[in-house]
Amino acid sequence: MEIDPYLSIAKKINSDKFSSIFILVDENTEKFCLDLFISKSGINSFNKIIISSGEENKNIDTCISIWGQLNSFKADRKSLLINLGGGVLTDIGGFAASTYLRGIEFINIPTTLLGMVDAAHGGKTGIDFKLLKNQIGVFNEPISVLLDSEYLKTLSKEEFINGYAEVIKHSLLTDKPELTFKSLVKLDLFKDLDYIINSYSQVKNEIVKSDKYESKTRKVLNLGHTIGHAVESYSHISDKIVNLKHGQAIVVGIITELYISYKKFNFPLKEVMSVKEHLKKYFSLISLKEDDIMNIYDLMVYDKKNEGSKINFVLLKEIGKPEINQIVEIELFRESFLFYNK
């Protein structure tokens with residue numbers, strides 16, 4: 001029999017462990033998700049903290065606002081923060097909780113596919129700094145992550161699809177036959193949604209469990225993100241392309257880094273093409289010119305996985321066999337974008 005995920009949450013929030021409870025929302029989750037959470041959890045006493053949605057608000061100013069509101073409500077070390085929202089909100093909410101009074105406990109309730117399969121798990125919290133992704137943050141696990149696909153009904157199709165890039169990434173990293181990319185493409189993203197959420201979030205959780213602080217094994221989760229994060233940051237500082245959602249940028253990273261894997265490790269080109277064509281069904285490819293590509297390359301210097309002046313990539317020998325700490329020559333980097341642009 002399926003266990004109601006809200007029973008565990010209700011037990012925590014209705015216990016005597018917490019002196020006060022806060023729910024962090026943005027203007028969207030306040031409108032579309034908060035009443036659903038209240039009705040399902042049975043919570044009856046809490047203070048609400050509202051922030052503005054969007055990657056552009058994942059910064060220190062928003063943190064100061066959260067800390068200020070916690071302070072004004074007289075939150076103490078026994079307070080609990082419930083983060084109800086997408087990846088941006090759970091990232092910044094986890095960071096704000098982890099640093100307020102040297103740390104209060106928090107729960108993540110992701111309301112987007114991206115949050116459910118990736119961002120809400122693993123204990124990475126953080127904010128952007130000078131438009132660079134996740135430059136400031138700490139490792140700190142939530143005491144619970146609640147997965148409920150009903151929240152996804154509140155999303156536009158574009159926002160829903162945004163998280164699918166991370167599902168693809170996880171399918172490329174696992175060696176479990178029932179979860180690899182070849183198995184994923186046989187599923188229906190909408191009819192098999194709960195299976196996809198539970199299965200591919202577990203791929204991440206198993207990797208994190210083996211290397212909580214990203215000293216070695218966990219680095220494989222950055223497949224597609226070395227280039228993808230730089231593309232995302234570039235979209236926020238350039239007037240040549242519109243601001244990209246995380247998933248759109250990671251699609252660029254996955255396609256280019258798989259091509260680099262083909263050139264360096266003989267990862268099958270047929271597989272690269274298969275992934276690219278599948279992604280094109282869900283994401284529109286963007287036009288990137290030579291000067292865009294070189295600006296993206298310059299931004300990769302700030303990637304957190306780098307050591308010294310070397311830019312470290314995660315590449316694939318084959319599906320389920322990633323290789324970390326790979327150096328890529330600038331000529332091959334440029335060539336990968338020629339492939340992407342075809």
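Remark: His121 pairs with no residue by the ring-ring contact (aromatic ring centres under 6.0 Å, His included) rule, at least two apart or across chains. Evaluation of the side-chain contact (heavy atoms from CB on, under 4.5 Å) rule for Lys176 yields Thr174, Glu178, Leu179, Glu206 as partners, not counting sequence neighbours. Partners of Tyr282 under the ring-ring contact (aromatic ring centres under 6.0 Å, His included) rule, at least two apart in sequence or in another chain, are Tyr164, His278. For Ser19, the side-chain contact (heavy atoms from CB on, under 4.5 Å) criterion is met by Asp76, Lys78, Ser79, not counting sequence neighbours. Applying the side-chain contact (heavy atoms from CB on, under 4.5 Å) rule to Asp16 yields no partners; only residues at least two apart in sequence or on another chain are considered. In this structure Glu158 satisfies the salt bridge (Lys or Arg N to Asp or Glu O under 4.0 Å) test with no other residue, sequence neighbours excluded. For Asp292, the side-chain contact (heavy atoms from CB on, under 4.5 Å) partners at least two apart in sequence or on another chain are Tyr234, Lys240, Leu288, Lys289.
One finds no salt bridge joining Asp211 and Lys219 here, because no Lys/Arg side-chain nitrogen approaches an Asp/Glu carboxylate oxygen to under 4.0 Å. With respect to Lys264 and Glu329, a salt bridge is recorded, a charged nitrogen being found less than 4.0 Å from a carboxylate O.
Applying the ring pair (Phe, Tyr, Trp, His ring centres under 6.0 Å) test to pairs two or more places apart or on separate chains, those with a residue in residues 7-59 are Phe22-Phe73. Residue pairs satisfying the salt bridge (charged side-chain N to carboxylate O under 4.0 Å, His left out) criterion with at least one member in residues 313-328, sequence neighbours excluded, are listed as follows: Lys317-Glu323. The ring pair (Phe, Tyr, Trp, His ring centres under 6.0 Å) contacts involving residues 193-213 comprise Phe139-Tyr213, where partners must be two or more places apart or lie in separate chains. Listed by first then second residue, pairs satisfying ring pair (Phe, Tyr, Trp, His ring centres under 6.0 Å) with a partner in residues 317-342 read Tyr259-Phe339, Tyr297-Phe333, Phe333-Phe337, not counting sequence neighbours.
The closest side-chain donor-acceptor pair between Ser261 and Glu257, if any, does not fall under 3.5 angstrom. Under the 3.5 Å distance criterion, with hydrogens and angles disregarded, a donor-acceptor pair is assigned to the side chains of Asn222 and Glu214. Side chains of Glu27 and Ser53: a donor on one and an acceptor on the other come within 3.5 Å. A donor-acceptor pair shorter than 3.5 Å can be found between the side chains of Asn83 and Asn108.
A distance-only check finds a donor-acceptor pair linking the side chain of Thr154 to the backbone of Tyr151 [under 3.5 Å]. A distance-only check finds no donor-acceptor pair linking the side chain of Thr29 to the backbone of Val25 [under 3.5 Å].
Here the options are Glu56, Glu166, Glu159, Glu55, the test is salt bridge (Lys or Arg N to Asp or Glu O under 4.0 Å), and the partner is Lys245; only Glu159 passes. With Pro322 as the partner, the side chain to side chain contact (heavy atoms under 4.5 Å, CB included) test is satisfied by one option alone out of Ile207, Leu172, Thr217, Val220: Val220.
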Pairs of donor and acceptor atoms involving the side chains of residues 140-149, under 3.5 Å and at least two apart or interchain, shall be tabulated with distances.
{"from": "Asn140", "atom 1": "ND2", "to": "Ser98", "atom 2": "OG", "distance (Å)": "2.8"}
{"from": "Asp148", "atom 1": "OD1", "to": "Glu150", "atom 2": "N", "distance (Å)": "3.0"}
{"from": "Asp148", "atom 1": "OD2", "to": "Tyr6", "atom 2": "OH", "distance (Å)": "2.7"}
{"from": "Asp148", "atom 1": "OD2", "to": "Lys40", "atom 2": "NZ", "distance (Å)": "2.9"}
{"from": "Ser149", "atom 1": "OG", "to": "Asp194", "atom 2": "OD1", "distance (Å)": "2.7"}

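From Asn47, atom CG reaches atom CG of Leu24 across 12.5 Å, with rounding to the nearest 0.5 Å. Distance CG/Leu155 to CZ/Phe160: 8.0 Å, rounded to 0.5 Å.
Of all heavy-atom pairs between Tyr100 and Ala75, the closest is OH-O, 3.4 Å.
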